[in-house]
Amino acid sequence: MEEFFQQFANGLAVGGIYALIALGYTMVYGVLKLINFAHGDLFTIGAYLGLTVLAALGLTEFYGAVIGVLLVAVMIMGMLAAIGAVLDRAAYRPLRESPRLSAVVSALGASIFLQNLVMLIYGARFQVYPLDILPSTSISLFQVDIPVVKVVVLAASILLMAVLYLFVQRTRIGTAIRAAAIDQGAARLMGIDVNRVILIVFLIGPALGGVAGLMVGLLYGQINFTMGWTYGLKAFTAAILGGIGNIPGAMVGGLLLGVIEALGAAYISIAWKDAIAFCVLIAILIVRPTGLLGERVAEKI
Amino acid sequence: MKNRNAILFILFSAGLATLPPFLNAYWVDVLNSIGIYAILGLSLNLIVGHTGLFNLGHAAFFAIGAYTAAILNTTFGIPILWLLPVSALAAGLFAAVVARPIVHLRGDYLCIVTIGVGEIVRIALVNDIFGITGGANGIFDISRPSVFGLIIRTPYEFFYLIWFFLGVTIVLFHFLENSRFGRALNYLREDEVAAEGSGIPTARYKLGVFALGAAWAGMVGLIFASKMTIIAPESFSFWESVLMFTLIILGGAGSIPGVLLGAALIVGIPEVFRDLANARMLVFGAAMVVMMIFRTEGIIPQRPRVYRIEAIPGEERP
C-alpha cells in the first residue's frame, strides 16, 4: 500500500505538469482548431530559460528559495508569453484561412525550428539544474514520505489551473475566449476582436507551458533539448483524453494520465510506460470518441 | 493529354535510368532515399491526401513490413523478394485490425491515435515483443535481394530496384486515382456526409484505403530492410511519420508529381544545407513554415478533375 501511495503521489506531480502543458494545447485548439505542435518546444524553452535566469541572476540566494523561484517563474511566464505571441504572428497567423493540413505542417516546422534553436544555443547535452534551490525535505502523508518539491509542483499547478479557470469563466476576456471557441464568425459579429482573443490564448498557453518546463527542471534536475517532444506528446494525449478544447478536461486528463503512467510503470512494466498511456487513450476514445469531458457535437448538415 | 503524360513519364524514366553511371555512390544513395520516401509518401498520400484522414503513424506500417520480412528471412531463410506479398499482407492486415475501431474518429482525434499506434509499435519493437524482434539492437544479417540470380548489393543496383518499384507504384496509383475507388475517396474527403448519402460506404472505404496504404508501406519496409541488412526500432520513429506527412503536404496533397517533388525536397534540403552542419535542421524547420505560408496548397496541388462533355442529350453537337 505504501508503494501505491508513493507512486500515486509521483503520478500526481507529473500529472500536474502534463495538465499545465495540456492547457496550452487545449486553449489553442479550442479557438483555432489547430494542434500547436510547437507547444512542447515552448515548454523546453521555459525549462532552459529557467536555468539561465536561475544561474544568471541568483535570485534564490538574494530573496530566499520561495520568493526567488516565484520571481523566476513570473519572469519565465512573461518571456514565454512574448515568444508565444511571436510564434503565432510568424507561423500561424498567415495561415488562418488555409487548409488545416497546411497549418499542421507549419506547426511541425515551427517545432523543428525551435527545438534546433535550443540545441544550437545551449548544446545537445543534458543540462543540470542546481540541486539545492528548493529544500530537499520530505513531508509525511499516509505513512509515506513525499518530497516537498513534488507537493509544491502539484500545488502550484493546481493553483495556476484554478486561476485560469476563474479567468476564463468570470472575466470579460474569458467570456470572449469561450465565445470565439464556440463560433468565431458569430463572435466577430458580436463585436469580439477574434485576432486579439487568439493573441491572448497564445500569451496564456505558452506562459503555462514555460512554467511547466521550470517545474520539470526543479523536479528532475536535468533537462534536454528533445524533451519537448515527449512531454508535448503526453500533454497532447492528456488534452485529447479529457476532451480537447475543454479546459477542465485538460486538467482531469493531465492528472489522470500522470497517475496511470506512474502506476502502470510500477505495477506492469517500466519498459512499457509510454505505451500504456497510449493504450489507455485508445481504449477511452473507442468508448467515448470525444474524450472524457468532451461534448458530443451534433453533425451539421 | 493522356498520351502526353505517358510520353513524359517514359522520357523521365529513361532519363533517370541513364543517370547513375555519372554520379558517385553517395549521390546515388541520396536518390535511393528519395525513391524510398517517394513510395512511402505515395502510399500515405492515399490516406492523407486523397481521403483526408490524419495519419501521423505511418512508420508503424513501414516497420511491420520491414520486420515481417526480416524475421522470416533470417529464421527460415526464405529469399527476401518472395516475401513481398507476405510483408504487404502483414502490414495491411495490421492496419485493418487497428483502424477498425478508430476510423470513425474525427480529424484530430484520429491524428493522436495514429501517433499512439506508431509509438506503441515502436515501443513493442524495442521491448522485443514475442522475443522475435531483437529489442533495441534490432535484426541483422538480412539477406540481399536477388533478381534472376543477380544479387543486388551496391547503391547503383538498388537504384534500379527502388526506382522500378516507384515507377510501378506511380502507374498503378495513377489509375487508382481515376478509378471509381479513387473518386469515392476524394468525395469522402470533401464531404463525408454527402458521400455517405450518395451511397458510398464511408467506413468500408476508409478501412480499405488504410489497409492499401499500409500494405504498400509494408513492401517499402521490405526493400528498406534488404537495403540496410540491419533494421532497428529507431528507423521507424515518430520523426519518420512526420517526414512522410510533411513531404505530402509540402509537395501537394493528392497529387503524384507533388509527392515526388516533396520527397526530393525532404531528402534534398538537408543534403544541400549539409555545410551548415548543426543549423541545417533549423533551416529545414523554417523552410517548412515559409513554404506553407507561400504555397498553402503545396507546390504542385492536385488538379481539379475535368470531364469533357461529349454530347448533351437532345442537343446538336457543336
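Numbered from 1 within each chain, the chains take letters A, B, ... in sequence-line order. Values in this document were obtained by computation on a predicted structure and should not be read as measured data.
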Taking all heavy atoms of [X] and all of [Y], pick out the closest pair and write down the distance.
| X | Y | result |
| --- | --- | --- |
| A:A110 | B:V289 | N-CG2, 3.5 Å |
| A:I282 | B:I102 | CG2-CG2, 4.3 Å |
| A:F113 | B:A286 | CD1-CB, 3.8 Å |
| B:M281 | A:I112 | O-CG2, 3.4 Å |
| B:P101 | A:I286 | CB-CD1, 3.8 Å |

Examine whether an atom of B:F284 lies under 4.5 Å from a heavy atom of chain A, and if so say whether it belongs to the side chain, the backbone or both; otherwise answer neither. side chain
Among pairs that include at least one residue of residues 234-259 of chain A, which meet salt bridge (charged side-chain N to carboxylate O under 4.0 Å, His left out), considering only residues two or more places apart or in two chains? A:K234-A:E261, A:K234-A:D274
Could you list which of [range] have a heavy atom closer than 4.5 Å to any heavy atom of chain B, in residue-number order?
| range | value |
| --- | --- |
| residues 14-34 of chain A | A:Y29 |
| residues 118-126 of chain A | A:M119, A:L120 |
| residues 84-98 of chain A | A:A90, A:A91, A:P94, A:L95, A:S98 |

What part of [X] gets closer than 4.5 Å to chain B, counting heavy atoms only: side chain, backbone, both or neither?
| X | value |
| --- | --- |
| A:W229 | side chain |
| A:I276 | neither |
| A:I240 | both |
| A:L117 | both |

For the residue pair A:F278 and B:V117, establish whether any side-chain heavy-atom pair is separated by less than 4.5 Å. no
Heavy atoms only, distances under 4.5 angstrom: which of [options] has the most pairs with chain A? Name it, please.
| options | value |
| --- | --- |
| B:A124, B:A194, B:G298 | B:A124 |
| B:I248, B:N127, B:V113, B:I120 | B:N127 |
| B:L282, B:L250, B:V126 | B:L282 |
| B:I123, B:V48, B:V121 | B:I123 |

Output the distance between atom CG (A:L101) and atom CD (B:E297), rounded to the nearest 0.5 Å. 10.0 Å
Looking at B:M292, B:M291, B:R295, which hits side-chain contact (heavy atoms from CB on, under 4.5 Å) with A:S102? B:M292
Look at the aromatic rings of B:F238 and A:F37 and report parallel, tilted or perpendicular, splitting at 30° and 60°. tilted
Evaluate side-chain contact (heavy atoms from CB on, under 4.5 Å) for B:L105 paired with A:L285, printing each intermediate quantity in order. CA-CA 8 Å; B:L105 292 172; A:L285 284 186; 4.2 Å; yes
